[in-house]
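Read through the structure below, which is laid out as structure tokens, and then see the notes.
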Amino acid sequence: MNQSEINETLKILQDVYGTQKCGLDFNSPYELLIATMLSAQCTDVRVNKVTAELFKDYNTPEKMLSLTEGELREKIKSCGLSNTKAKNILKTSHLLLSEFGGEVPKTMKELTSLPGVGRKTANVVMSNAFGIPAIAVDTHVFRVSNRLGLAKGKNVLEVEKGLRQNLPESRWSSAHHQLIWHGRKICSARNPKCEVCPLAHLCETQKLEHSQSNLK
DNA sequence: AACTCGGGGCA
DNA sequence: TGCCCAGAGTT
């Protein structure tokens with residue numbers, strides 16, 4: 001995509017998906033951190049259901065650490081991967097108290113030093129909890145960016161770099177949400193609804209398919 | 001780069 | 001049933 005195509009793509013994304021957030025319910029950076037850790041390989045709907053209950057009594061590192069690993073595992077079971085997640089949540093809560101004064105850190109380096117926190121989770125926390133410009137590349141953002149040609153890359157980090165380069169910083173956070181909505185509703189992994197896609201005329205994958213069918 | 005963890009949704 | 005899914009860590 002050239003710059004004018006990128007700008008048009010951003011405008012259409014804004015027009016269609018606006019400022020609606022997609023994601024996790026939270027009342028503090030700590031809640032968002034834990035909810036995002038739980039969301040690995042699990043839909044946000046289910047995470048929100050689990051955390052609505054969990055955060056009633058356990059919404060700080062201190063309170064979380066009053067749970068045994070087994071108790072926590074039971075509470076988060078429906079999110080899947082609960083064995084690892086329970087361990088990591090307790091370790092991370094402990095580290096927040098011992099290393100970060102009980103606060104959630106704000107830098108990529110510090111966040112990813114926490115067990116169970118990778119690049120995607122760190123970007124979500126920085127962007128959504130602290131308002132720091134960041135783009136979290138999950139499977140939706142990865143797939144949609146590559147298909148459109150908005151930012152291409154073989155792995156998550158390459159796509160993140162591409163988006164940071166191609167998009168104005170002011171649009172990083174909003175574009176992240178809009179790309180996820182688009183990936184869910186239209187540009188799905190299998191059987192994407194290209195016939196109703198408002199970005200089809202800009203999409204590199206669509207153009208490629210058309211040029212191939214024209215050759216026949 | 002490939003593999004593992006894992007319960008739930010959907011065909 | 002079998003396949004897939006808003007990831008992260010290890011080898």
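Chain letters run A, B, ... following the sequence lines, proteins first, then strands; residues in each count from 1. From a predicted model like this one, the values you see are computed outputs, not experimental measurements.
Taking atom CD1 of Ile89(A) as the reference point, atom P of dG9(C) lies 13 Å away to the nearest angstrom. If you take NZ of Lys85(A) and C1' of dG9(C), they are 14 Å apart, rounded to a whole angstrom. Distance Asp138(A) CG to dC4(C) P: 19 Å, rounded to the nearest Å. One can place NZ of Lys87(A) at 15 Å from P of dG9(C), the figure rounded to the nearest angstrom. dA8(C) atom C1' lies 8 Å from atom CG of Asn88(A), rounded to whole Å. Here dG9(C) presents its C1' atom at 12 Å from CG of Leu81(A), a figure rounded to the nearest Å. Residue Lys91(A) contributes atom NZ, which lies 16 Å from atom P of dA8(C) at whole-angstrom precision. Taking atom CZ of residue Arg46(A) and atom C1' of nucleotide dG7(C), one finds them 14 Å apart after rounding to whole Å.
Residue-level contact check: Thr121(A) touches the backbone only, with heavy atoms under 4.0 Å from sugar-phosphate atoms and none from bases. Contacts of Thr139(A) with the nucleic acid, taken as non-hydrogen atoms under 4.0 Å apart, involve only primed sugar atoms and P, OP1 or OP2. Among the heavy atoms of the strands lying under 4.0 Å from Cys42(A) are primed sugar atoms or P, OP1, OP2 only; no base atom is included. Among the heavy atoms of the strands lying under 4.0 Å from Val117(A) are primed sugar atoms or P, OP1, OP2 only; no base atom is included. Contacts of Leu114(A) with the nucleic acid, taken as non-hydrogen atoms under 4.0 Å apart, involve only primed sugar atoms and P, OP1 or OP2. Using a 4.0 Å heavy-atom cutoff across all strands shown, Ala136(A) reaches no nucleic acid atom at all.
The existence of a salt bridge linking Arg164(A) and Glu169(A) is excluded, since no basic side-chain nitrogen approaches an acidic carboxylate oxygen closer than 4.0 Å. Salt bridge status for Arg119(A) with Glu160(A): present, with a side-chain N to carboxylate O gap under 4.0 Å. Residues Glu69(A) and Lys87(A) are paired through a salt bridge, judged by an N-O separation under 4.0 Å between the basic side chain and the carboxylate. A salt bridge between Glu74(A) and Lys77(A) is present, with a side-chain N of the basic residue lying under 4.0 Å from a carboxylate O of the acidic one.
Geometrically, Lys106(A) engages Phe130(A) in a cation-pi contact defined by less than 6.0 Å to the ring centre and at most 45° from the axis.
In this structure, the separation between NZ on Lys85(A) and CG on Asn83(A) is 11.5 Å, given to the nearest 0.5 Å.
The residue among Thr112(A) and His140(A) whose nearest nucleotide of DNA chain C lies closer to the 5′ end is His140(A). Nearer to the 5' terminus of DNA chain B, by closest-nucleotide assignment, is the contact made by Lys154(A) (compared with the other of Lys154(A) and Gln41(A)).
The phosphate of dC5(C) (OP1 or OP2) has a side-chain N or O of Arg190(A) nearer than 4.0 angstrom.
Summarising the local packing, NZ of Lys161(A) is surrounded by 12 or fewer heavy atoms from other residues, nucleotides or ligands at distances under 6.0 Å.
Taking 4.0 Å as the cutoff to heavy atoms of chain A, we find the contact window on DNA chain B bounded by dC5(B) to dG8(B).
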